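What follows is a single structure, written as structure tokens, with notes after it.
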Amino acid sequence: GYRMVRLSPDGRQLALTMEAKETNQIWIHDRSSATTRQLTFDGSAERPSWSPDGSRLAFVAHRGAKVSIWSAPADGSGKGEPVLAGLELNGSAALFWTRDGKWIVWDGVVTGKPGAGGDDIFAIPMAGTDRKLQSVVATPFGEQTGEVSPDGRWLSYESDQSGFFQVYLRPFPEKNAERWTVSTGGGIYPAWARNSSAE
């Protein structure tokens with residue numbers, strides 16, 4: 001089974017999660033040669049997201065009982081490393097590396113930092129060496145599938161605050177800033193146009 005497919009910035013490769021009975025792993029498919037190679041081998045890995053220059057992939061890694069976010073060279077030249085040392089997740093539904101390279105955004109529950117309800121949206125600043133976990137959207141409801149606009153100014157996501165999932169928009173990375181409703185009759189899986197003008 002294939003899922004969580006992400007197209008590389010140059011459009012030449014696909015990163016995907018290949019499901020197996022015992023473990024999930026991330027594979028890279030080259031569109032021109034029609035070849036597929038395995039990128040991760042240790043534990044279990046899923047939810048790949050490309051860095052803006054296509055040189056690395058961020059992903060959710062399962063190492064025994066611990067779940068965290070890792071990144072690794074996309075060409076397979078290294079085993080990878082944790083994005084933030086000591087970060088442990090209790091599940092994760094989506095992962096997104098912003099197109100300006102400044103943030104990795106995901107939704108889920110962080111071990112030791114439980115939200116008030118369902119999944120919340122978090123971010124790690126990737127610029128510089130002082131990486132500190134930031135909570136972006138945390139409410140008693142479930143927020144997920146967060147994606148930042150290409151210009152880095154806006155966060156789109158889905159929330160069940162109204163009783164069913166709708167798509168919302170708010171400034172990024174301000175925590176719990178004012179939000180606007182995008183969908184009207186229910187909505188999920190928002191995706192940005194490259195010019196940030198539409199979803």
Side-chain angles (χ1 to χ4, degrees), residues 1-85 87-99 101 103-111 118-124 126 133 136 142-148 150 155-158 165 167 187-192 194 199:
Y2 305 102
R3 61 192 180 102
M4 305 172 192
V5 179
R6 291 282 190 171
L7 185 67
S8 64
D10 62 10
R12 297 178 180 178
Q13 300 181 92
L14 296 171
L16 52 92
T17 301
M18 187 179 294
E19 296 179 315
K21 290 183 180 180
E22 299 298 329
T23 181
N24 295 336
Q25 298 297 342
I26 294 172
W27 292 65
I28 306 292
H29 176 77
D30 186 277
R31 298 179 63 204
S32 59
S33 63
T35 57
T36 306
R37 60 180 172 83
Q38 188 170 348
L39 181 71
T40 61
F41 295 88
D42 298 332
S44 184
E46 58 184 351
R47 312 185 191 283
S49 182
W50 294 91
S51 65
D53 62 2
S55 66
R56 300 185 70 85
L57 278 165
F59 54 91
V60 175
H62 301 255
R63 302 289 188 266
K66 297 182 178 180
V67 183
S68 57
I69 295 174
W70 282 50
S71 73
D75 62 5
S77 61
K79 294 183 64 175
E81 58 189 10
V83 171
L84 183 62
L87 174 66
E88 294 182 25
L89 312 179
N90 183 11
S92 179
L95 182 68
F96 178 75
W97 200 325
T98 61
R99 293 176 189 172
W103 301 88
I104 287 180
V105 178
W106 83 96
D107 59 83
V109 178
V110 178
T111 302
D119 288 350
D120 294 320
I121 297 177
F122 300 89
I124 296 175
M126 297 300 290
L133 180 68
V136 180
E143 295 88 26
Q144 58 192 36
T145 62
E147 291 207 6
V148 178
L155 173 74
S156 61
Y157 64 99
E158 59 186 75
F165 279 103
V167 173
I188 56 175
Y189 299 122
W192 286 93
R194 288 191 177 273
E199 293 185 294

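We count residues from 1, following the sequence as given. Keep in mind the model is a prediction, meaning the values are calculated, not measured.
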Taking all atoms of both residues into account, what is the closest heavy-atom pair of L95 and S49, and its distance?
O-CB, 3.8 Å

Restricting to non-hydrogen atoms, name the atom on W192 and the atom on P150 that form the minimum distance, rounded to 0.1 Å.
CB-CD, 3.9 Å

Salt bridge (Lys or Arg N to Asp or Glu O under 4.0 Å) partners for D42, two or more places apart
K79

If you draw a 6.0 Å radius around CZ in F41, do more than 12 non-hydrogen atoms from other residues or ligands fall strictly inside?
yes

Let me see the working for I124 and L133 under side chain to side chain contact (heavy atoms under 4.5 Å, CB included), right down to the final yes or no.
CA-CA 5 Å; I124 296 175; L133 180 68; 4.3 Å; yes

If you draw the axis of the six-membered ring of W70, does the NZ or CZ of R63 fall within 45° of it and under 6.0 Å from the ring centre?
yes

Which atom of Q144 lies closest to which atom of Y157, heavy atoms considered:
O-CB, 3.5 Å

Could you walk me through whether I69 and L84 pass the side chain to side chain contact (heavy atoms under 4.5 Å, CB included) test, one step at a time?
CA-CA 7 Å; I69 295 174; L84 183 62; over 6 Å; no

Side chains of R194 and R99 in contact at under 4.5 Å (non-hydrogen atoms):
yes

Please test F96 against W106 for ring pair (Phe, Tyr, Trp, His ring centres under 6.0 Å), starting from the C-alpha separation and ending with a verdict.
CA-CA 6 Å; F96 178 75; W106 83 96; over 10 Å; no

By side-chain contact (heavy atoms from CB on, under 4.5 Å), which residues pair with A45, not counting sequence neighbours?
Q25, I26, T40, F59

Is there any salt bridge (charged side-chain N to carboxylate O under 4.0 Å, His left out) pair reaching into residues 1-13, and which pairs are they, with sequence neighbours excluded?
R3-E19, R3-E46, R6-E147

Heavy-atom nearest pair, A74 first then R37, reads O-NH2, 2.5 Å

Would you please test I104 and V83 for side chain to side chain contact (heavy atoms under 4.5 Å, CB included) and show each step?
CA-CA 9 Å; I104 287 180; V83 171; 4.1 Å; yes

All heavy atoms of A72 vs all of G78, minimum pair found to be CB-O, 4.3 Å

Closest contact, heavy atoms only, G108 versus F122
O-CE1, 3.4 Å

Quick check for you: to the nearest 0.5 Å, what is the distance between L155 atom CG and I121 atom CD1?
5.0 Å

